[in-house]
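Worksheet: one structure, shown below.
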Amino acid sequence: MTLDRFINKSRKPKMDRDLEKKPIASTQIQEELLEDSIREQPKIEEKRIDEIPIEAEDGIYMLVSANYSSSDNKPYLLFYDIKNHRIIKWMDVTDHHPYAYSKEPIESLESLPLIVERMNKQQILGLRTEEKIDPLSDKKIQVTKIIVRDPLIIGGRADSLREQIKLWEADIKYYVNYIMDLGLEVGSYYFFDPQGLPRRYIFQPSKEIRKAMEKLSDEERKWLERLAEPVVDFKRIALDIEVYNPRGVMPQPDNPEHPIFIISLCSSDGLKKVLVYDLRGDISNEGIKNDKFDVEVFKNEIELIKRALDIIREYPILITFNGDTFDLPYILTRSAKLGFKEVRDFIERGRNEIRITWGIHIDLYKFFKNVSIKTYAFSGAYDIISLDSIARALINKGKMETPGHFDEMSIQEIIEYGFTDAELTLELTQFNNNLVMRLITIIARISNMTIDDVTRLSVSNWIRNRMFYLHRNKNYLIPRSDEIREKKWGRHFQPVTKGKKYVGALVIDPKPGVHFNVIVVDFASLYPSILKEYNISYETVNCPHDECKTNLVPETTTWICTKKKGLISEFAGIIRDIRVNVFKKLSKDKNVSRDNREFYGVIQRALKVIINALYGVIGADTFQFYYLPAAEAVTAYGRYVIKKAIEKAGELGLEVIYGDTDSLFIKDPDMDKLELLIEDIKKEYRLQLEIDKIYKYAVLSSRKKNYFGLTSEGIIDIKGLMGKKSNTPPFIRNVFYEILDKLRTVEDIEQFKMVRKDIIEIIRDAETKLINKEVPLEELVITITLSKYTDQYTKTTPQHVKAARKLEKAFGIRLQPGHMIKIVKTRNNDGVAPIELVRSVDQIDSKKYIELLHSTLEQILEVLDIKVNKGKKVVMIDERKVSLDKFFKF
DNA sequence: AACTGTGGCTTGCTTG
DNA sequence: CAAGCAAGCCACAGTT
């Protein structure tokens with residue numbers, strides 16, 4: 001099988017490099033050799049094309065990925081051909097080589113036996129002095145660039161250079177360096193000049209983007225231009241395999257003893273196909289006909305796999321759900337076992353991923369598992385990372401219900417089941433006008449990271465990657481994380497909570513009760529704004545200049561640089577500004593076409609993911625530019641400005657009844673005074689306060705982070721209350737929501753009184769059902785995540801762990817961290833059991849559930865003067881308490 | 001020796 | 001990332 005579509009645009013080097021044959025005697029010669037090979041990086045030029053529709057242009061490619069080829073000993077780039085919808089592999093023609101930096105001068109490096117030995121072995125190609133700026137000392141320094149033959153000489157092996165001498169920039173993946181050195185931007189478009197070098201091709205921005213650009217700085221304009229470029233509708237195919245495994249045995253890629261018997265395929269250009277290996281020889285053509293997709297039957301497993309490869313090779317992008325850990329490795333190992341060795345020409349194992357040789361493989365499982373994607377891009381719409389749960393949440397479709405094992409299903413059912421998986425996988429990349437593919441591309445543009453990495457790595461890696469580039473642009477030597485940590489810390493506060501590293505946000509004590517007409521104002525993206533406005537970055541906090549030491553962060557001994565703009569601060573500023581000032585506005589602008597509006601919405605969302613994570617990563621020790629004093633400075637300013645805002649509100653006669661981190665709840669304010677407050681904060685602190693929402697009424701409990709309210713749009717907004725939490729039983733949660741639903745209609749006291757009777761009725765009814773054991777088991781399930789292996793709970797044994805251990809014992813299995821345990825409160829010795837082991841409702845501990853019902857409802861009822869009598873099984877109104885009337889005296 | 005009450009601590013989930 | 005909540009575990013002290 002040949003891959004004729006696989007165009008390799010690289011040119012053969014003119015001659016076999018002399019450099020690699022002769023031993024290198026002195027740096028003098030190396031200098032000369034390096035002169036033409038490394039020093040001259042190509043300058044990538046730009047070309048502007050006016051208003052050309054994206055599909056029409058020939059020879060235009062989007063840079064989507066890169067890697068290092070150890071067989072060619074060269075880096076390569078992968079481009080998506082937007083006309084012919086295939087991937088072009090472009091091998092380096094610039095004689096670029098891997099490198100890292102040392103702070104030792106050339107002479108002392110040359111006297112090191114290690115270096116001499118590696119030079120003689122041709123592993124080190126050359127040493128060169130360069131001038132860089134050290135961001136930590138803010139001084140120009142001389143560093144030695146060590147240029148090597150292949151990336152493993154720098155790092156990745158036990159005897160690599162970085163394990164033996166102190167190096168800088170030695171943990172940047174080689175292809176990342178390569179992209180940066182060539183000045184390339186992932187997700188942007190290129191064409192190839194006559195020399196075969198990629199040149200930037202810039203689409204003419206839309207009218208509204210051009211208009212927005214007028215007011216911006218050059219740097220911001222570049223960002224805008226890059227982000228707003230159209231995203232091609234990638235041609236892609238989703239794949240899903242079924243393995244015929246005996247009951248109770250999970251197929252393992254490391255031991256592929258069971259046959260692959262179904263391969264389902266579903267593509268963006270309408271291919272719908274299920275390939276079946278007739279392993280029992282009993283499939284009739286009649287029985288498998290289906291009007292939704294084609295079916296092909298094979299008498300041989302290898303033929304099945306080969307056919308699948310033939311089809312998917314027509315697609316530049318392969319989409320899977322768990323393809324990195326299951327489908328593709330299984331195809332690999334199973335093929336090898338069956339003697340189909342050529343499979344390695346198409347599917348390759350990477351370090352943490354599986355690659356396809358003709359294109360890009362995206363494993364959606366990893367992408368949707370990404371915490372930032374889950375919480376910020378999709379607002380936590382799905383909770384379990386499974387195809388079924390994600391598809392249900394995002395496209396309102398689930399997997400097929402099955403009896404549990406293939407033996408109990410007809411072949412038609414199995415085929416349909418398999419196809420549904422492939423179909424859902426594809427649809428997850430298609431809904432909302434290809435939202436997911438666009439999101440991935442935009443994040444690649446923001447982070448300048450390859451599509452493969454964007455879909456597999458976390459937000460701190462995305463940010464780190466862009467930070468590298470920002471350092472390079474300023475000729476900064478990228479600091480090692482240990483250097484940043486060794487900087488002065490000078491911390492003065494003990495965190496409030498044990499186990500935390502620094503002090504966080506301020507939460508104001510709520511004023512309990514029912515409050516009418518509450519306006520919530522909040523600081524528009526407070527932490528990013530603080531990062532920007534107060535110049536916070538790892539190098540500017542506690543900077544080396546004496547003259548900055550008086551620029552103190554309020555209530556700390558930390559100071560901030562007044563001479564140089566910090567990199568993180570600058571990045572936060574740009575991302576925040578273009579999000580707020582451009583994309584958020586345009587995504588709501590009625591004068592913009594619907595398509596564009598939607599696209600700007602995606603960009604806005606991607607920027608939000610990054611901006612929300614920025615502060616967090618500074619305080620996370622897994623981040624290369626982690627620096628606690630910087631994270632602490634952010635929260636210190638945050639506490640400072642919210643205190644000042646409350647102070648000012650008080651002076652103006654506004655009543656603040658609650659606030660959390662960046663928000664203030666103001667009761668029935670005079671709008672002119674509110675306006676004054678906002679103006680004052682803007683003037684004084686360069687931060688924007690804005691009206692977030694208005695509650696017709698807000699019900700605050702005495703607990704922080706626990707309240708609900710009826711918004712001006714007529715929606716009941718619930719925060720923190722137990723009834724909302726995922727680990728309350730559905731039965732209790734439903735009662736909770738039923739009560740809140742009653743409250744939705746309330747506008748005055750009479751209605752409140754009427755509703756109160758209804759509420760008590762609801763609760764009594766619920767109690768009766770519990771006592772009479774009329775509630776089905778599933779309604780009483782409490783779902784709790786197992787966050788460790790059961791044997792790793794050493795300090796205490798929580799209830800869900802007890803239940804989990806029973807499950808493990810009963811089924812002889814080992815539950816994985818992240819598994820959701822479904823427990824039920826029972827009347828046995830330790831009060832819990834996994835629902836799987838409970839036969840009937842009789843085993844339920846009704847008393848426990850009534851207690852749980854009461855404590856859940858108490859949070860809302862205490863404020864409404866409905867008393868729950870603990871112990872007793874009845875609810876009563878505490879008539880002695882003042883009635884609701886007090887809330888209406890205004 | 002069995003029971004009850006208390007407080008520190010762990011765990012999981014949510015808010016911002 | 002920290003703050004904050006509820007539930008439950010667990011050791012300990014003080015009854016009965």
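Chain identifiers are assigned alphabetically (A, B, ...) following the order of the sequence lines, protein sequences preceding nucleic acid strands; residue numbering begins at 1 within each chain. These values consider heavy atoms only, across backbone and side chains, with no hydrogens, waters or symmetry-generated copies.
- Here C:dA7 presents its P atom at 10 Å from CD of A:Glu851, a figure rounded to the nearest Å.
- For the pair A:Ile784 CD1 and B:dC13 P, the computed distance is 7 Å after rounding to whole Å.
- For A:Gln859, a side-chain nitrogen or oxygen approaches OP1 or OP2 of C:dA6 to under 4.0 Å.
- If you take CG of A:Asn706 and P of C:dA6, they are 6 Å apart, rounded to a whole angstrom.
- Backbone-only engagement by A:Ala505 is indicated by non-hydrogen atom pairs under 4.0 Å involving sugar-phosphate atoms exclusively.
- Contact between the side-chain N/O atoms of A:Lys788 and the OP1/OP2 oxygens of B:dT11 is found at a separation under 4.0 Å.
- A salt bridge is defined here as a Lys NZ or Arg NE, NH1 or NH2 lying under 4.0 Å from an Asp or Glu carboxylate O, and A:Glu533 with A:Arg686 meets this definition.
- For A:Lys724, no side-chain nitrogen or oxygen approaches OP1 or OP2 of B:dC13 to under 4.0 Å.
- Geometrically, A:Lys788 engages A:Tyr793 in a cation-pi contact defined by less than 6.0 Å to the ring centre and at most 45° from the axis.
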For nucleotides 4-8 of chain B, print each protein N/O atom paired with a nucleotide N/O atom at under 3.5 Å, atom names and distance only.
none

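- Salt-bridge formation is not detected for the pair A:Lys825/A:Asp845: no Lys NZ or Arg NE/NH1/NH2 atom is positioned less than 4.0 Å from an Asp or Glu carboxylate oxygen.
- Distances were taken from every side-chain heavy atom of A:Ser726 (C-beta onward) to each of B:dC13, C:dC1, C:dG8; the shortest belongs to B:dC13.
- Rounding to whole angstrom units, CD1 of residue A:Ile463 and P of C:dC1 are separated by 13 Å.
- The interatomic distance linking A:Asp830 (CG) with C:dC9 (C1') rounds to 12 Å, in whole Å.
- Taking side-chain N and O atoms only, A:Thr797 has a distance below 4.0 Å to OP1 or OP2 of C:dC10.
- The CG atom of A:Leu786 sits 11 Å away from the C1' atom of B:dG12 (whole-angstrom rounding).
- With rounding to whole Å, A:Ile568 atom CD1 is found 15 Å from C:dC1 atom P.
- Residues of residues 696-704 of chain A that place a heavy atom closer than 4.0 Å to DNA chain C, in numerical order, are A:Arg703, A:Lys704.
- The pair A:Glu808-A:Arg805 does not count as a salt bridge, with every side-chain nitrogen at least 4.0 angstrom from each carboxylate oxygen.
- Within the nucleic acid shown, A:Tyr793 comes within 4.0 Å of sugar-phosphate atoms alone, with no base atom in reach, counting heavy atoms only.
- A:Arg605 forms no cation-pi arrangement with A:Tyr376, by the criterion of a distance under 6.0 Å to the ring centre and an angle within 45° of the ring axis.
- Distances shown here put every side-chain N or O of A:Thr635 at or beyond 4.0 Å from the OP1 or OP2 atom of C:dA2.
- The residue among A:Leu506 and A:Lys825 whose nearest nucleotide of DNA chain C is located toward the 5' end is A:Leu506.
- A sub-4.0 Å separation between OP1 or OP2 of B:dC13 and a side-chain N or O of A:Thr785 is present.
- The nearest whole Å value for the distance from the CZ atom in A:Arg805 to the P atom in B:dT11 is 11 Å.
- Annotation: cation-pi geometry satisfied between A:Lys487 and A:Tyr627 (NZ/CZ under 6.0 angstrom from ring centroid, within 45° of ring axis).
- Note on A:Lys532 versus A:Asp577: salt bridge recorded, some NZ/NE/NH1/NH2 to OD/OE distance being below 4.0 Å.
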